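What follows is a short report on a single structure.
As a basis for the values below, the full set of heavy atoms in this structure was taken, side chains included, without hydrogen atoms, waters or symmetry mates. Just so we're clear, the structure is a prediction, and the values are computed from it rather than from any experiment.
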Amino acid sequence: MAKGNSFSNTWWGRHWISILESFGWANRLERGRRYARNGSVLEFHIEPGKITAKVQGSRSTPYKVTIKVAKLTKKEWQAVLKHLSTKALYAAKLLSGDMPEDIAAIFQEVGISLLPSDDSEIDARCSCPDFAVPCKHIAAVHYIVAEELDKDPFLVFKLRGMEKEDVLNRLLKFDDRKRKSRNDSNNIPAQAKPSTSLFSGTTASAFAKENSTTTAFSLEGFWSGKPLTVSSPPAVPSIHATAFADTENAFWSKDFPLAQIMQAIYRGSGKV
């Protein structure tokens, strides 16, 4: 496995190795690079929060390596996925199969580390007689992990306890709930809708009534250029905006007072 290949060719693979090096393991990791490169890692398997492998050493029987990575709790995953569902661009990329390189920052926004933050989150064991941790066999497996992350960055979710499919399905559920909530808020029952405008006690018909006029008009007079006869001038309306009771719920942000804004526009103040 990995014979003749280089490691850490992508951001995810490099970051995995750099994190381990930050734990003071740089020299020990280097000892395992040759083992990983020459194909000494015979078997390799990743499951949620756990890596198992067999590494051929100096003895005829391969050594057994087990690396456990601390899983995020259900509560932590819930917090992360709920937060991710509010980040439309990140959620869209994930659902399309693209892992954003800076997604770790989104995890950090809710106080959770996507990758291990210290060596206490990694428990590695090897059946070899070397008591150093990581021994060269464990180090070799870490390089294979980096190589696998190069191929599939979504494995980082698996290392933290959740399969890619579970992550995406939960994101979809959050998205469905948000969409349903928006639809419910827009589909207000007819009996619940207000019968008057937003401006207390005033209806659109009242506005029309106030501005009704009696006009003497004929086509002959119009085409001859005669002025129109109006029995009374139009009354100044008692309201300064039209009724938006129905449309406000449909499109207007609740963070801004539609009535006051429209009143200011109608008055011509320009101060909204």
Considering all heavy atoms of both residues, which atom of [X] and which atom of [Y] are nearest to each other, and what is their separation?
X	Y	answer
A79	V110	O-CG1, 4.3 Å
P116	W16	CD-CZ3, 4.0 Å
G32	A139	CA-CB, 3.7 Å

Return all side-chain donor-acceptor pairs below 3.5 angstrom for residues 22-30, not counting sequence neighbours, or 'none' if the list is empty.
residue : atom : partner : partner atom : Å
S22     : OG   : I19     : O            : 2.4
R28     : NH1  : V133    : O            : 2.4
E30     : OE2  : R33     : NE           : 3.4

How long is the span from the [atom1] atom in [X] to the [atom2] atom in [Y], to the nearest 0.5 Å?
X	Y	atom1	atom2	value
L171	K82	CG	NZ	13.5 Å
I103	L84	CD1	CG	5.0 Å
I138	Y35	CD1	OH	13.0 Å

Side chain to side chain donor-acceptor pair (under 3.5 Å) partners of S127, counting only residues at least two apart: none

Any pair counted as salt bridge (Lys or Arg N to Asp or Glu O under 4.0 Å), so long as it reaches residues 98-118, sequence neighbours left out: K87-E109

Salt bridge (Lys or Arg N to Asp or Glu O under 4.0 Å) pairs, two or more places apart, involving residues 123-140: R31-D130, D123-R125

Taking the side chain as everything from C-beta on, heavy atoms only, tell me whether [X] gets closer than 4.5 Å to [Y].
X	Y	result
L95	L172	yes
E148	F44	yes
V145	I51	yes
M99	V156	yes

side-chain contact (heavy atoms from CB on, under 4.5 Å) between L149 and T10, intermediate numbers included: CA-CA 8 Å; L149 286 172; T10 68; 5.8 Å; no

Non-neighbouring partners of E163 that pass salt bridge (Lys or Arg N to Asp or Glu O under 4.0 Å), sequence neighbours left out: K158

With R34 via salt bridge (Lys or Arg N to Asp or Glu O under 4.0 Å) - residues at least two apart: none

W12 vs D152, side-chain contact (heavy atoms from CB on, under 4.5 Å): CA-CA, chis, key distance, verdict: CA-CA 9 Å; W12 287 100; D152 182 8; over 6 Å; no

For residues 59-77, please give each side-chain donor-acceptor pair under 3.5 Å, one per line with the distance, not counting sequence neighbours.
residue : atom : partner : partner atom : Å
T73     : OG1  : E76     : N            : 3.1
T73     : OG1  : E76     : OE1          : 3.4
E76     : OE1  : T73     : N            : 2.8
W77     : NE1  : R160    : O            : 3.3

Residue that, paired with K164, satisfies side chain to side chain contact (heavy atoms under 4.5 Å, CB included) out of L168, V167, D166: L168

Listed once per pair and sorted, the side chain to side chain donor-acceptor pair (under 3.5 Å) pairs that draw on residues 49-58, sequence neighbours left out: none

CA sep, side-chain torsions, deciding dist, call: L114, V80, side-chain contact (heavy atoms from CB on, under 4.5 Å): CA-CA 10 Å; L114 174 56; V80 166; over 6 Å; no

Short side-chain to backbone donor-acceptor contact, S40 and A36, under 3.5 Å: no

Donor-acceptor contact present, side-chain S117 to main-chain S113, <3.5 Å: no

Listed once per pair and sorted, the ring-ring contact (aromatic ring centres under 6.0 Å, His included) pairs that draw on residues 81-105, sequence neighbours left out: none

